[in-house]
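Below is one structure, written out as structure tokens; the observations come after it.
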Protein chains: 2
Amino acid sequence: MPEKSELEMLCLEKGLRMTGQRRIIASVISLAGDHPDVEEIHKRAVQRDNGISIATVYRTVKLMEEFGLVERHEFGDGRARFEVTPEAHHDHIIDVETGEIVEFVDPELELLQRHIAERLGYRLVDHRMELFAVKITGR
Amino acid sequence: MPEKSELEMLCLEKGLRMTGQRRIIASVISLAGDHPDVEEIHKRAVQRDNGISIATVYRTVKLMEEFGLVERHEFGDGRARFEVTPEAHHDHIIDVETGEIVEFVDPELELLQRHIAERLGYRLVDHRMELFAVKITGR
DNA sequence: CTAGCTGCAAATTCTTTGCTACTAT
DNA sequence: ATAGTAGCAAAGAATTTGCAGCTAG
């Protein structure tokens, strides 16, 4: 048996029942450097077990999301995209020309968001931010 | 004929053909103080002309969005919500308990976002940010 | 007049779910 | 053992679209 993926171990910690399908799906998400959608996760999973159904992928990512193990993003293209919940929160820049996604953290930004909310009488519980941008070409 | 809504005038400026249905839909969006989704816009439009189909609402908001007259938002509940494109850009705080949406502008935030993008080699073309929060009760 | 719009229903796309057989624990 | 899971196909929800008749300009 191949070694456990990071996400599989997180699932075990939460006491989730680990089926063969879930192991593969967990591994696919763990190894993904990008932010794959369900169809893409399914495509990669099927390469390792051609019997996995897309319904199982949907059920699995939903389950993992409910346990806080993966994060769901909606980048505006209509389908949900996933990544292992990062240790440190980060936001995304989407290159509108290439679709490439860059992650970043900015503590100043996080602080400012909290302040804005407080100024309006709210306590921030979550936020979502995406920057849409184009690469600056060196002239 | 009732007077023209703000959004209807914007449509005319763009040279859009103004049908009865479009006038009503424009007016509904113009007068909405909230951020109605297509179903809600349709519901309000039907009160003034019970023949308007929801397909027309979909087509109309899409058209107006393509002309930059309305803005589409996805607040994470699966359906798109609309508002007349504001003069000055603003972001949203969503009260996760009540669903209430508060608009705000923060120049400092806008600036910071541009800086973050530039720092990573990008030129910001757009952004989306929603703060999810709960009202601070006075103890 | 005629390009463009509308209503209707069928089609798409993404996601969820009922059911029966199967499997992790 | 047995509660939870997988596959399949059908159901849903939001949105789009083909078509034939209607309408703004």
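Keep in mind that what you see is a predicted model, and the values were worked out from it rather than measured.
- Under the 4.5 Å side-chain heavy-atom criterion for Ile, Leu, Val, Met, Phe, Trp and Tyr, A/Leu7 and A/Leu16 are members of the same hydrophobic cluster.
- Residue B/Ile52 is classed as a sugar-phosphate contact, given heavy-atom separations below 4.0 Å to backbone atoms only.
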Practice task
Any chance you could lay out the salt bridge (charged side-chain N to carboxylate O under 4.0 Å, His left out) test for A/Arg128 and A/Asp91, step after step, and finish with the verdict?
Solution key: CA-CA 8 Å; A/Arg128 188 167 67 198; A/Asp91 291 299; over 6 Å; no
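- Other residues sharing the hydrophobic cluster of A/Leu111, ordered by chain and number and joined by side-chain separations under 4.5 Å: none, the residue standing alone.
- In this view, B/Glu39 and B/Asp37, B/Lys43 satisfy the side-chain contact (heavy atoms from CB on, under 4.5 Å) rule, not counting sequence neighbours.
- Less than 4.0 Å separates DNA chain D from at least one heavy atom of each of the following residues of residues 76-85 of chain B: B/Gly78, B/Arg79, B/Ala80.
- As a whole-Å value, the separation of A/Arg22 CZ from C/dA24 C1' is 10 Å.
- Checking the phosphate oxygens (OP1, OP2) of C/dG7, a side-chain nitrogen or oxygen of B/Gln21 falls inside 4.0 Å.
- Between the C1' atom of C/dC14 and the CZ atom of A/Phe75 lies a distance of 17 Å, rounded to the nearest Å.
- With sequence neighbours left out, B/Asp77 forms a side-chain contact (heavy atoms from CB on, under 4.5 Å) with B/Arg79, B/Arg81.
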Practice task
Could you walk me through whether A/Arg48 and A/Ser27 pass side chain to side chain donor-acceptor pair (under 3.5 Å), step by step?
Solution key: CA-CA 11 Å; A/Arg48 301 204 229 158; A/Ser27 167; 2.8 Å; yes
For nucleotides 22-24 of chain D, list the nitrogen or oxygen atoms of the protein found under 3.5 Å from its nitrogen or oxygen atoms, one pair per line.
| unit_1 | atom_1 | unit_2 | atom_2 | d |
| --- | --- | --- | --- | --- |
| D/dT23 | O2 | B/Arg17 | NH1 | 3.4 |

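- Atom CZ of A/Arg72 and atom C1' of C/dT15 are 9 Å apart (whole Å).
- Look at CD on B/Glu74: it is 12 Å from P on D/dA14, rounded to the nearest Å.
- Regarding A/Glu40, its CD atom lies at a distance of 13 Å from the P atom of C/dC14, rounded to whole Å.
- Grouped with B/Val134 in one hydrophobic cluster are A/Val125, B/Phe75, B/Ile94, B/Val96, B/Ile101, B/Phe132, the linkage being side-chain heavy-atom contacts under 4.5 Å among Ile, Leu, Val, Met, Phe, Trp and Tyr residues.
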Between N or O atoms, less than 3.5 Å apart, protein on one side and nucleotides 18-20 of chain D on the other: list the pairs.
| unit_1 | atom_1 | unit_2 | atom_2 | d |
| --- | --- | --- | --- | --- |
| D/dG18 | O6 | B/Arg59 | NH1 | 3.3 |

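- Rounding to whole angstrom units, CD1 of residue A/Ile24 and C1' of D/dG7 are separated by 15 Å.
- For A/Lys62, the side-chain atoms get nearest to C/dT16 when compared with the rest of D/dT15, C/dT16, D/dA6.
- Listed by chain and number, the hydrophobic cluster partners of B/Ile116 are A/Ile93, A/Val102, A/Phe104, A/Leu109, A/Leu112, A/Ile116, A/Leu120, A/Tyr122, A/Leu124, A/Met129, A/Leu131, B/Ile93, B/Val102, B/Phe104, B/Leu109, B/Leu112, B/Leu120, B/Tyr122, B/Leu124, B/Met129, B/Leu131, where partners are ILVMFWY side chains within reach of under 4.5 Å, directly or through others.
- Nearest nucleotide to the side chain of B/Val38, out of C/dC5, D/dT15, D/dT5: D/dT15.
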Extract all donor-acceptor atom pairs below 3.5 Å that involve side chains of residues 52-60 of chain B and protein atoms in other chains or at least two apart in sequence.
| unit_1 | atom_1 | unit_2 | atom_2 | d |
| --- | --- | --- | --- | --- |
| B/Ser53 | OG | B/Ala55 | N | 3.2 |
| B/Ser53 | OG | B/Thr56 | N | 3.3 |
| B/Thr60 | OG1 | B/Thr56 | O | 2.7 |

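- The two atoms that bring B/His89 and B/Val105 nearest to each other are O-CG1, 3.3 Å, heavy atoms only.
- Computed from C1' positions of five pairs at each end, the angle between the two local axes of the helix from C/dC1-D/dG25 to C/dT25-D/dA1 equals 40°, rounded to 10 degrees.
- Atom CG in B/Leu63 sits about 17 Å away from atom P in D/dT15, given to the nearest Å.
- Applying the 4.0 Å criterion to OP1 and OP2 of C/dC8, one finds that B/Ser53 has every side-chain N and O outside that range.
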Exercise for the section: Please test A/His90 against A/Glu83 for side chain to side chain donor-acceptor pair (under 3.5 Å), starting from the C-alpha separation and ending with a verdict. Expected result: CA-CA 12 Å; A/His90 63 238; A/Glu83 69 179 318; 3.2 Å; yes
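- Note on residues 60-70 of chain A: pairs passing salt bridge (charged side-chain N to carboxylate O under 4.0 Å, His left out), not counting sequence neighbours, are A/Glu65-A/Arg72.
- Other members of a hydrophobic cluster containing A/Leu31 are absent, since no ILVMFWY side chain comes under 4.5 Å of it, directly or through relayed contacts.
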Handout entry: Intermediate values then yes/no, side chain to side chain contact (heavy atoms under 4.5 Å, CB included), A/His73 and A/His35
Key = CA-CA 8 Å; A/His73 298 288; A/His35 298 70; 4.2 Å; yes
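- Between the CG atom of B/Asn50 and the C1' atom of C/dT6 there is a distance of 15 Å, given to the nearest Å.
- The phosphate of D/dT16 (OP1 or OP2) has no side-chain N or O of B/Tyr58 nearer than 4.0 angstrom.
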